[in-house]
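Contents: one structure, followed by commentary.
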Amino acid sequence: MPRQENTKEKILQCAFELFGKPRISEVSLSEIAAVTGISKTAIFRHYKNKEDLFDTMRQRFFEAMAEMFNEIETIEKPYDLNGVAKTVRSVFDFNERYPNYLPYYLQMSFTDELLNEGMNIIMLDSGIRYFNEELFKDKKNFVPHNLISNFFEQTLLVYLWLSQKDDHANVGVLDYEKYKDCVANLIYSGLGRKKNPISPERKKELDAICEIKFDDNEKTNRFLNAFVKLIQERGSARITVERIADTVGMAKSSVYAFFANKRDYLINMLIQETERANAIIKEKCSQTKNSDEALYAIMRTQANYFALRPQVLGLHGYFIFQEAALADKDIKEFHKRTLGAIIDSVVKSAMPQTFDFPVKENSILFIKWISELTVGYMLMGTKHKFPREWLDFYVSSVFEMIECGVKIAYHHNGEKKA
């Protein structure tokens, strides 16, 4: 390969490497130049501008993903255990081959619609029905063709991402090969429990218990609203203290009276909302009778909370994949204030003994999976403007998949899966 092409490729790979760990700042050409070991001016000999470089990154990512899907023989019918296991291992192998591609996708997908659209096309071309608005109109078809494929994808994505977390996330995979098998079994069989463990009558009672109402003064938080506005307009990486001050109508110096810096601002927004949601979940779950009911109440309460406070979805979606960008002290503070109490009082009563992964802390893994599934589906519902009456159907359907896995799926011709 000519020297010029070597340099061009090196620039591209160094740009991907900067996404190797989550970050709360935008990737700059200066950073790329420093990591590559060339001047910023030299980058322009190979790429017209930053947009040109990022276009190339997007295309390289698409090519790698298409190649991976082509290698998965069972991609169109992955709902038997063998197909699930092959798909899980293929995705994990892909991640080992391209360790910077997943964090690149997760971080850029919040703001890059072209990246999301391209991924949807690649998946559809590979036989994966990621989302089809026509099928959404029909509940009978929506479950097997949309919710199940999304459950498969989101569960795999969550566990793949959590396997890369640093020790401060308290996940820490101890046996990587066994972990892959556990992920495959979880996707296929869920928690291994029976279908419809809660009677329709009791489910209605739980739905009533899990209803949430906010006073008007609870709905307004100008710092939270500033975050929502800024992340929608500029993306997380472009949020600055100056822009926060402008959005809330305060002097920059006044913002520093509340927050030490941008990092402090973001972690406080997350802790504030998570504490509020967890307090409600804890109160609702105190009225449940068994682990199935506790799990349902967690999901139902979270869904109701996000439905009433849709602006919070962006905050949680951002932090799901940005947590590792925070300092150790911030992570410890977050876990202490938000996870400790709810794990001891709620999660351990909802998590079955069969949920046994080779990690440092199974209860944290469990609640992150449940919460991130809920966030993912609610984000999908918000994006596609699902009507409110679909909330009941969504919670019941996803709860069933968590309990039983994708083996409840049906072929397009109506034959039941094994």
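Everything numeric in this text was worked out from a predicted model, so none of it was measured.
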Legend entry - Test item: Asn268 and Phe223 side chains (from C-beta on) under 4.5 Å apart, heavy atoms: no
Legend entry - Side-chain heavy-atom pair Thr87, Phe152 within 4.5 angstrom cut-off: yes
Inset, instruction - Please list, chain by chain and in numerical order, all residues satisfying side-chain contact (heavy atoms from CB on, under 4.5 Å) with Tyr256, sequence neighbours excluded. - result: Val241, Lys252
Legend entry - Criterion side chain to side chain donor-acceptor pair (under 3.5 Å) against Asp292, the qualifying member of Arg202, Arg193, Lys194: Arg193
Inset, instruction - May I ask you to decide whether Arg60 forms a salt bridge with Glu9, counting only side-chain N to carboxylate O separations under 4.0 Å? - result: yes
Inset, instruction - Measure the spacing between OG1 of Thr240 and CG of Asn261 and express it to the nearest 0.5 Å. - result: 12.5 Å
Legend entry - Minimum heavy-atom distance Gly405-Phe151, with the two atoms named: CA-CE2, 4.3 Å
Inset, instruction - To the nearest 0.5 angstrom, please state how far the CD1 atom of Ile342 sits from the NZ atom of Lys282. - result: 9.0 Å
Legend entry - Donor-acceptor side-chain pairing of Gln154 and Tyr377 below 3.5 angstrom: no
Inset, instruction - Would you indicate whether the side-chain heavy atoms of Ile244 and Phe258 approach each other to under 4.5 Å? - result: no
Inset, instruction - Grab the two heavy atoms, one from Ile43 and one from Leu29, that are nearest each other, plus how far apart they are. - result: CD1-O, 3.6 Å
Inset, instruction - Kindly state whether the ring of Phe94 and the ring of Tyr98 have centres lying under 6.0 angstrom apart. - result: yes
Legend entry - Pairing residues for Asp175 by the side-chain contact (heavy atoms from CB on, under 4.5 Å) criterion, not counting sequence neighbours: Glu177, Lys178, Pro358
Legend entry - Shortest non-hydrogen contact between Tyr296 and Ser396, atoms and distance: OH-OG, 4.1 Å
Legend entry - Criterion ring-ring contact (aromatic ring centres under 6.0 Å, His included) against Phe61, the qualifying member of Phe19, Phe16, Tyr104, Phe54: Tyr104
Inset, instruction - Would you check, one step at a time, whether the test side chain to side chain contact (heavy atoms under 4.5 Å, CB included) holds for Lys40 with Ile32? - result: CA-CA 8 Å; Lys40 182 178 176 179; Ile32 296 171; over 6 Å; no
Legend entry - Shortest non-hydrogen separation from Thr36 to Cys14 and the atoms involved: OG1-CB, 3.4 Å
Legend entry - Between CH2 on residue Trp369 and CD1 on residue Ile367, distance to nearest 0.5 Å: 11.0 Å
Legend entry - Whether over 12 other heavy atoms sit under 6.0 Å from Glu117 CD: yes
Inset, instruction - Take Thr155 and Met401 through the test side chain to side chain contact (heavy atoms under 4.5 Å, CB included) and record every step on the way to the result. - result: CA-CA 11 Å; Thr155 296; Met401 283 185 282; over 6 Å; no
Legend entry - Side chains of Ile187 and Val183 in contact at under 4.5 Å (non-hydrogen atoms): yes
Legend entry - N/O donor-acceptor pair under 3.5 Å between Asp207 side chain and Asp392 backbone: no
Inset, instruction - Could you tell me whether the side chain of Arg276 reaches within less than 4.5 Å of the side chain of Tyr305, counting heavy atoms only? - result: yes
Inset, instruction - Could you grab the distance from atom OG1 of Thr301 to atom CD1 of Ile209, nearest 0.5 Å is fine? - result: 9.5 Å
Inset, instruction - Report yes if the side chains of Met108 and Met57 come closer than 4.5 Å at any heavy-atom pair, otherwise no. - result: no
Inset, instruction - Measure the CG-CG distance between Asp356 and Leu186 for me, rounded to the nearest 0.5 Å. - result: 12.0 Å
Inset, instruction - Can you see which heavy atom on Ala42 is nearest to which on His46, and at what distance? - result: O-CD2, 3.3 Å
Legend entry - Lys284 side-chain N/O to Glu211 backbone N/O, donor-acceptor pair under 3.5 Å: yes
Legend entry - Side-chain donor or acceptor of Thr354 paired with backbone N/O of Leu191 under 3.5 Å: yes
Inset, instruction - Could you grab the distance from atom CD1 of Ile281 to atom CD of Gln302, nearest 0.5 Å is fine? - result: 4.5 Å
Legend entry - Flag for Asp181-Asn185: side-chain donor and acceptor within less than 3.5 Å: no
Inset, instruction - Determine, step by step, whether Tyr179 and Leu162 satisfy the side chain to side chain contact (heavy atoms under 4.5 Å, CB included) criterion, reporting the C-alpha distance in whole Å, the side-chain angles of both residues, the deciding distance to 0.1 Å, and the verdict. - result: CA-CA 11 Å; Tyr179 182 85; Leu162 290 175; 4.2 Å; yes
Legend entry - Contact summary for Leu295 and Ala350, nearest pair of heavy atoms: N-CB, 3.7 Å
Legend entry - Any side-chain heavy-atom pair of Asn6 and Lys10 under 4.5 Å: no
Inset, instruction - Please examine the side chains of Glu400 and Glu403, heavy atoms only from C-beta on, and report whether any two atoms are closer than 4.5 Å. - result: no
Inset, instruction - Hey, can you tell me if Phe357 and Tyr159 have their rings parallel, tilted or perpendicular (30° and 60° cut-offs)? - result: parallel
Inset, instruction - Take Thr374 and Tyr394 through the side chain to side chain contact (heavy atoms under 4.5 Å, CB included) test and state the conclusion after the steps. - result: CA-CA 10 Å; Thr374 303; Tyr394 146 74; 3.5 Å; yes
Legend entry - Under 3.5 Å donor-acceptor, Tyr47 side chain and Lys8 backbone: yes
Inset, instruction - Taking Asn95 for its side chain and Val91 for its backbone only, find out whether a donor-acceptor pair lies under 3.5 Å. - result: no
Inset, instruction - Please check if the side chain of Ser349 supplies one atom and the backbone of Val346 the other of a donor-acceptor pair under 3.5 Å. - result: yes
